[in-house]
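Throughout, numbering of the chain's residues begins at 1 and tracks the sequence. Only heavy atoms go into these numbers, but all of them, side chains included; no hydrogens, no water, no symmetry mates.
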Amino acid sequence: MQDLMTLITSLRRPRLLTRAAKIGAQDYNRDRHLQRLLGYGSVPGTGAALLRLLELEREVNAQRIEEDAAYSLVRHLDLLIALNGEAQLYQTSRAAQFQ
């Protein structure tokens, strides 16, 4: 099985969507964004949040590819922003463990 960072870096999405998500991730607030995307309640750990966000993003991306009328660009962008933000937090926490 691939590790989380490999799964994230292997995502291939439209360049404009990726750029917008990277810019949005600069203002990422874990509590606010994850509760809105994953539902209210306790916020999961970074690894668990990344797995759930990847799953949700795959579903939304499939809607985009299929040109489904239910596709929401805003939701897709929110998910990609959260993925970028969580990936940064995950990398930081992993780097801290090895120091």
Side-chain angles (χ1 to χ4, degrees):
M1 181 176 161
Q2 296 178 327
D3 69 330
L4 284 173
M5 293 313 297
T6 304
L7 287 172
I8 293 168
T9 56
S10 67
L11 290 177
R12 298 291 173 242
R13 302 299 180 253
R15 187 174 295 152
L16 185 59
L17 195 57
T18 304
R19 279 190 205 158
K22 286 181 182 178
I23 292 168
Q26 294 172 357
D27 294 326
Y28 178 69
N29 179 310
R30 186 168 206 274
D31 294 324
R32 186 172 24 130
H33 284 92
L34 282 184
Q35 293 212 350
R36 186 178 69 237
L37 293 169
L38 302 180
Y40 291 95
S42 62
V43 176
T46 306
L50 277 171
L51 288 173
R52 182 70 180 126
L53 288 168
L54 280 167
E55 180 182 318
L56 291 170
E57 194 278 334
R58 275 193 200 111
E59 293 170 6
V60 172
N61 192 56
Q63 288 178 335
R64 178 186 67 83
I65 292 170
E66 295 169 2
E67 297 180 5
D68 189 334
Y71 172 72
S72 169
L73 175 64
V74 173
R75 177 151 175 83
H76 198 178
L77 187 56
D78 279 345
L79 287 165
L80 289 171
I81 288 169
L83 267 172
N84 280 321
E86 286 296 312
Q88 290 172 0
L89 293 172
Y90 183 75
Q91 284 181 316
T92 303
S93 69
R94 300 282 293 171
Q97 287 178 353
F98 294 113
Q99 289 182 353

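Shortest non-hydrogen contact noted between P44 and A49 is CG-CB, 4.0 Å. The shortest non-hydrogen separation linking P14 to R64 is CG-NH1, 3.6 Å.
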Let me have the donor-acceptor pairs involving side chains of residues 73-83, under 3.5 Å, with sequence neighbours excluded, atom names and distances please.
{"residue": "H76", "atom": "ND1", "partner": "Y71", "partner atom": "OH", "Å": "2.9"}
{"residue": "H76", "atom": "NE2", "partner": "E57", "partner atom": "OE2", "Å": "2.7"}
{"residue": "D78", "atom": "OD2", "partner": "R36", "partner atom": "NH2", "Å": "3.4"}

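The distance from atom CG of L38 to atom CD of E55, rounded to the nearest 0.5 Å, is 10.0 Å. To the nearest 0.5 Å, atoms CD (Q35) and CZ (R30) are separated by 10.0 Å. To the nearest 0.5 angstrom, N84 atom CG is 7.0 Å from K22 atom NZ.
For E67, there are no side chain to side chain donor-acceptor pair (under 3.5 Å) partners at least two apart in sequence or on another chain.
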